[in-house]
Amino acid sequence: MDHTESRDGTDEPTDDTRTTPEPESAPASGPTPDPDSASQPGPTPAPVRTSEPESVSEPESVSDPAPEPDPAPEPEHVSAPESGKKRRRPWVRRVRRAVLVLALVLIVPLVAVETALRVNYMGDPADGTYTRDRDAMWLGHAWVDGRKKDADVTALAGRLEDTGVRDLYVHTGPLEHDGTLPRSVYPRARWFIDAVHRELPGVRVQAFLGDVLANGGPEGLELSDAATRAEVVRSAGQVLDTGYEGVHLDLEPLHSGDGHYLDLLDDLRELTKGRDAQLSVAAHQIDPLPHLHSVAGLVADHPKWWSQEFFGQVARRVDQIAVMSYDTARLFESTYGGYVAQQTSLALEVTPPTTHLLMGLPFYYESNPSHWGHAETVGAAVRGARLGLSRTDPDRELFGLAPYIDFAATETNWREFKDGWVR
């Protein structure tokens, strides 16, 4: 979820045709000479007589006429001179064959996956798969840095009225790379918490803390450093002292199987339990194909996916886990909705019933190779989540949807959310 800071202001064949030289034009009359015997000796033609002789005496001896030379064999197809001939070398053929095989290896599975996702979007969600009044929403940093006023909170309350949103993840960081959190970055947090409790009774406010991890580039927060993890825990205690009712952690890019992250969650859980507060996390998507995160890790510093096993390990350590089920690179609404349905099922399978699972909704519009706005619609995401819930655990109570993010939301986003989920 790398959007927060940027949005809230804080991609000739060889001509092998050969032609035979055209023969020279034949003389106007007489037999056509053999073009290849022009230089060969032949019989001398008899003189042409203009009148018949009165008498012809047989010659005493007539020598045998010179034998006709054997006609030269017809020339075979004439090849171009070796110097001007372009032959396809064996390595060219091998390269072309390899490219074809590679294209098939890539294209065939892609077509198969897209077809499967489209099929996954078919059917009707089960009755009753609507809001459980356990939804959440990500909010931008402007709510705690002084840009928002009382009127803005009143307008937000109007938006959320009659919806199932019961948790607000308010961007309160980012954390420093050493895990610390300057109090100066959230001077109006206490005001906002009190205003929400006044305008939206029963809604919890959690501090949304995040940072870039060092494994995604030359700089960032280093989870392998015990001192840094301790500072993150200390920062979490700091925001709870301010009045927040929970800590929502978003560290990216987080590689699947990161044991240091699990250690950090264990420490944070001990803290939040002692304060009767919530611990929630933003989670990467789950491998849509087995071991896809491993393949992606070979070519990208930010693998999008976690293994399903690792997702379950994280889910067992927190109170709430919210899947960032957007930025999927899907090209069509049907395949995006099918993808969300698949992600919902995969997450439900490994999330214990005591952990609150939320599926993220794209409350923003972008068009780029990772997020096609015409495909990643709120309507498709809502329907996909309902289909996954219907097929896997339709009676799950600790389940909800989480729009991301308030300042980029459109009227269409709100309408599709309410029509498809809240009714």
Side-chain angles (χ1 to χ4, degrees), residues 1-3 11 106-126 129 138 252-254 256 282-296 300 302-312 315 321-351 357-394 396 399-404 413 416-417 420-421:
M1 188 191 309
D2 298 329
H3 310 289
D11 123 289
L106 294 175
I107 293 174
V108 171
L110 179 61
V111 171
V113 168
E114 292 298 297
T115 301
L117 292 178
R118 188 180 293 269
V119 171
N120 207 34
Y121 194 58
M122 298 172 65
D124 296 318
T129 53
W138 281 283
E252 301 181 46
L254 184 59
S256 182
H284 287 13
Q285 297 158 26
I286 301 173
D287 285 338
L289 297 173
H291 305 292
L292 186 59
H293 72 278
S294 299
V295 177
H302 187 171
K304 181 179 289 293
W305 302 281
W306 288 350
S307 70
Q308 190 181 36
E309 178 185 7
F310 184 67
F311 188 97
I321 184 167
V323 184
M324 296 181 285
S325 42
Y326 35 75
D327 295 347
T328 66
R330 302 272 70 82
L331 295 174
F332 307 102
E333 270 193 296
S334 58
T335 55
Y336 172 61
Y339 184 87
V340 174
Q342 181 200 46
Q343 288 292 307
T344 303
S345 292
L346 291 171
L348 284 168
E349 289 171 359
V350 293
T351 301
L357 173 65
L358 298 118
M359 303 303 295
L361 302 179
F363 263 44
Y364 60 95
Y365 185 93
E366 289 180 356
S367 280
N368 55 56
S370 67
H371 179 102
W372 297 108
H374 67 274
E376 293 198 20
T377 65
V378 172
V382 169
R383 187 171 186 274
R386 291 186 61 208
L387 285 168
L389 180 64
S390 301
R391 294 163 182 164
T392 310
D393 192 355
R396 173 79 66 121
F399 182 86
L401 301 182
Y404 178 87
N413 297 153
E416 292 179 350
F417 172 58
W421 179 245

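If you read the sequence from its start, that first residue is 1, and numbering goes on from there.
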**OP:** Apply the test side chain to side chain contact (heavy atoms under 4.5 Å, CB included) to residues R386 and T344: give CA-CA distance (whole Å), side-chain angles for both, the deciding distance (0.1 Å), then the verdict.
**Re:** CA-CA 8 Å; R386 291 186 61 208; T344 303; over 6 Å; no
Original post:
Can you check whether L361 reaches F417 side chain to side chain, under 4.5 Å on heavy atoms?
Top reply: yes
**OP:** Give the minimum heavy-atom separation between A381 and P362, together with the two atoms involved.
**Re:** CB-CD, 4.1 Å
Original post:
When you measure from the side chain of S390 to the backbone N and O of A126, does any donor-acceptor pair fall under 3.5 Å?
Top reply: yes
**OP:** Any chance you could measure S325, atom OG, to Y336, atom OH, to the nearest 0.5 Å?
**Re:** 5.0 Å
**OP:** Using distance alone, with no hydrogens and no angle criterion, decide if R391 and S345 have a side-chain donor and acceptor under 3.5 Å apart.
**Re:** no
Original post:
Distance from R330 atom CZ to R118 atom CZ, nearest 0.5 Å?
Top reply: 11.5 Å
Subject >> CZ on R383 to OG on S334, rounded to 0.5 Å >> reply: 10.0 Å
Original post:
Got a second to check how far Q308's CD is from D287's CG, nearest 0.5 Å?
Top reply: 9.0 Å
Original post:
Shortest non-hydrogen contact from L331 to T335?
Top reply: N-OG1, 4.1 Å
Original post:
Considering only heavy atoms from C-beta outward, does the side chain of V382 approach that of E416 to under 4.5 Å?
Top reply: no
**OP:** Using atom types as modelled and distance alone, determine if a side-chain donor or acceptor of Q285 lies under 3.5 Å from a backbone N or O of M324.
**Re:** yes
Original post:
With a 4.5 Å heavy-atom cut-off, do N413 and Y365 have their side chains touching?
Top reply: no
Original post:
If only atom types and distance count, is the side chain of T351 paired as donor or acceptor with the main-chain N or O of L348 below 3.5 Å?
Top reply: no
Original post:
Just by distance, with hydrogens left out, do H371 and E376 show a side-chain donor and acceptor under 3.5 Å apart?
Top reply: yes
**OP:** In sequence, state the C-alpha distance, the side-chain angles, and the governing distance for Y121 and L387, and then conclude on side chain to side chain contact (heavy atoms under 4.5 Å, CB included).
**Re:** CA-CA 7 Å; Y121 194 58; L387 285 168; 4.1 Å; yes
Subject >> Residue pair A347 / L357: nearest heavy atoms and the distance that separates them >> reply: CB-CD2, 3.8 Å
Original post:
Do the non-hydrogen side-chain atoms of L401 and W421 ever get within less than 4.5 Å of each other?
Top reply: yes
Subject >> Distance in Å, F363 CZ paired with Y326 OH, rounded so as to fall on 0.5 Å steps >> reply: 12.0 Å
Subject >> Where W138 and G360 come nearest, the two heavy atoms and their spacing >> reply: CZ3-CA, 4.2 Å
Original post:
Does a sphere of radius 6.0 Å around CD in E349 hold more than 12 heavy atoms from other residues, nucleotides or ligands, not counting ones at 6.0 Å or beyond?
Top reply: yes
**OP:** Determine whether more than 12 heavy atoms belonging to other residues, nucleotides or ligands lie under 6.0 Å from atom CZ of F332.
**Re:** no
Original post:
Under a 4.5 Å cut-off applied to non-hydrogen side-chain atoms, are K304 and H284 in contact?
Top reply: no
**OP:** Determine the minimum heavy-atom distance between S256 and S307, stating which atoms define it.
**Re:** OG-N, 3.0 Å
Subject >> Exercise: identify the closest heavy-atom pair between A329 and W372 >> reply: O-CD1, 4.0 Å
Subject >> side chain to side chain donor-acceptor pair (under 3.5 Å) involving E333 - partner list, sequence neighbours excluded >> reply: T377
Subject >> Between CZ on residue F311 and CD on residue E309, distance to nearest 0.5 Å >> reply: 13.5 Å
**OP:** Scan L389, D393, L358, T129 and name whichever one has a side-chain contact (heavy atoms from CB on, under 4.5 Å) with F399.
**Re:** L389
